[in-house]
Number of protein chains: 2
Amino acid sequence: MTQVRIHTQARRGAPPARVFRSPKHAAAKALPIDALLDPDLFKALCDPTRVKLLACLVKCARPCSVGEVGECCDVDLSVVSRHLAFLERAGILASIKKGRIVTYSVRSSDLCASLRDIADAIESCCPPGTCGSCSTSCGCLPVSDAQSTRTQGGRRVR
Amino acid sequence: MTQVRIHTQARRGAPPARVFRSPKHAAAKALPIDALLDPDLFKALCDPTRVKLLACLVKCARPCSVGEVGECCDVDLSVVSRHLAFLERAGILASIKKGRIVTYSVRSSDLCASLRDIADAIESCCPPGTCGSCSTSCGCLPVSDAQSTRTQGGRRVR
DNA sequence: TCTATACTTGCACGATGACGCAAGTACGCA
DNA sequence: TGCGTACTTGCGTCATCGTGCAAGTATAGA
């Protein structure tokens, strides 16, 4: 599993936005966004129980033991242990073992940097207001050309 | 499924960091981070194929049709269609239907704002260098107290 | 009206993951 | 050395998810 915050080359010095002829050509060209959009990082955050444990640790703002964290969730302690280990493997938590007690803490600097790196990498490809790929927020898309049959608001949107 | 960028109250005006007695007390107190850490957003990004499609759209930096996007992936077109619809429901993509052609584009402003909001919310709980919950990057944890038997680097880490 | 194109949906199947229970390991303390 | 505590691991079960195939819908053009 990939550790958070391995790739930092996408920060402010990212290459300028470039338009490819087709998605196929775009996919063939490796850019920082490819490495930054790591499914393993998001996999760690896509389970409600894991997110609950993480939020609990974030809010507590100090290293906590497995048993302590387990108190804020309604699942077996073995499940808590597994989830915390999972989050550690993903680079989101760090653990210290002191005797029998294992305390987990959030690697907040690394996690925040990773999230911001991803945002930077996306914007380096699609700068707001210039890329034509953001429809609802900056109005780049030629909405008047469309037949106003956007799926947004239609059957698909819950 | 929750849309991206619904919660914005966690930005710069976030409440100051607060230390709770225990994770259980921390969990009981609702903070912006709870709403921002939405598993549904991350679920949309945790599948390798979906991430590939998203990266493809980000790099292409323009609205692309389902067929076009499908060319950069080795899966059935029905799978591509389903994944793009999933990403739209998660608020990551927007779609416009023009005749037979459905084009998808990245809601990059919203997505980037959401990622940065999460980072801000985490840091509002755990400011770097002060919270004691980030061990490897800022050295807040009393590592000298620990018996230097961190699982990091041990059996658990691949 | 017919046909081709572009995309979506229903269905079945295999893989993955989350869970609880029980057993195991590691450590502190009497 | 024995016991209790804190946590981890093995295992079976159930639910969810990703996938491809086939059929369906919607639209453009002849």
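In this text, all values refer to a predicted model and were calculated from it rather than measured experimentally. Proteins get letters first, then strands, A, B, ... in listed order; numbering begins at 1 in each.
Taking the side chain to side chain contact (heavy atoms under 4.5 Å, CB included) definition, one finds that Glu71(A) meets it with Lys24(B), sequence neighbours left out. Residues satisfying the side chain to side chain contact (heavy atoms under 4.5 Å, CB included) criterion with Asp34(A), sequence neighbours excluded, are Ala30(A), Leu31(A), Ala55(B), Lys59(B). For the side chain to side chain contact (heavy atoms under 4.5 Å, CB included) test, residues two or more places apart in sequence or in another chain that qualify with Val66(A) are Leu77(A), Val80(A), Ser81(A), Leu84(A), Val102(A), Tyr104(A).
If you measure from atom NZ of Lys98(B) to atom P of dA28(D), you get 11 Å, rounded to the nearest angstrom. For the pair Ile96(A) CD1 and dA6(D) P, the computed distance is 19 Å after rounding to whole Å. A straight line from CD1 of Ile101(B) to P of dA28(D) spans 10 Å, rounded to a whole angstrom. The interatomic distance linking Glu68(B) (CD) with dC7(C) (C1') rounds to 14 Å, in whole Å. Here the P atom of nucleotide dA6(C) and the OH atom of Tyr104(B) are 16 Å apart, to the nearest Å.
Rounding to the nearest 0.5 Å places CG of Asp120(B) at 11.5 Å from SG of Cys125(B). Within the model, atoms CZ of Arg107(B) and OG of Ser95(B) stand 10.5 Å from one another, a figure rounded to the nearest 0.5 Å. For the atom pair Thr103(A) OG1 and Lys98(A) NZ, the distance stands at 8.0 Å (nearest 0.5 Å).
Hydrophobic clustering of Ile, Leu, Val, Met, Phe, Trp and Tyr side chains at less than 4.5 Å, counting indirect connections, unites Leu57(B) with Val79(B).
Applying the salt bridge (Lys or Arg N to Asp or Glu O under 4.0 Å) rule to pairs touching residues 74-83 of chain A yields nothing, sequence neighbours excluded.
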inquiry  = Can you build the contact string for nucleotides 13-21 of chain C? Use B for base contact, S for sugar-phosphate-only contact, and - for no protein heavy atom under 4.0 Å.
reply    = ----SSSBB
Quick one: which protein N/O atoms are closer than 3.5 Å to N/O atoms of nucleotides 1-5 of chain C? Pair and distance per line, please.
| unit_1 | atom_1 | unit_2 | atom_2 | d |
| --- | --- | --- | --- | --- |
| dT5(C) | O4' | Arg100(B) | NH1 | 3.3 |
| dT5(C) | O2 | Arg100(B) | NH1 | 3.2 |

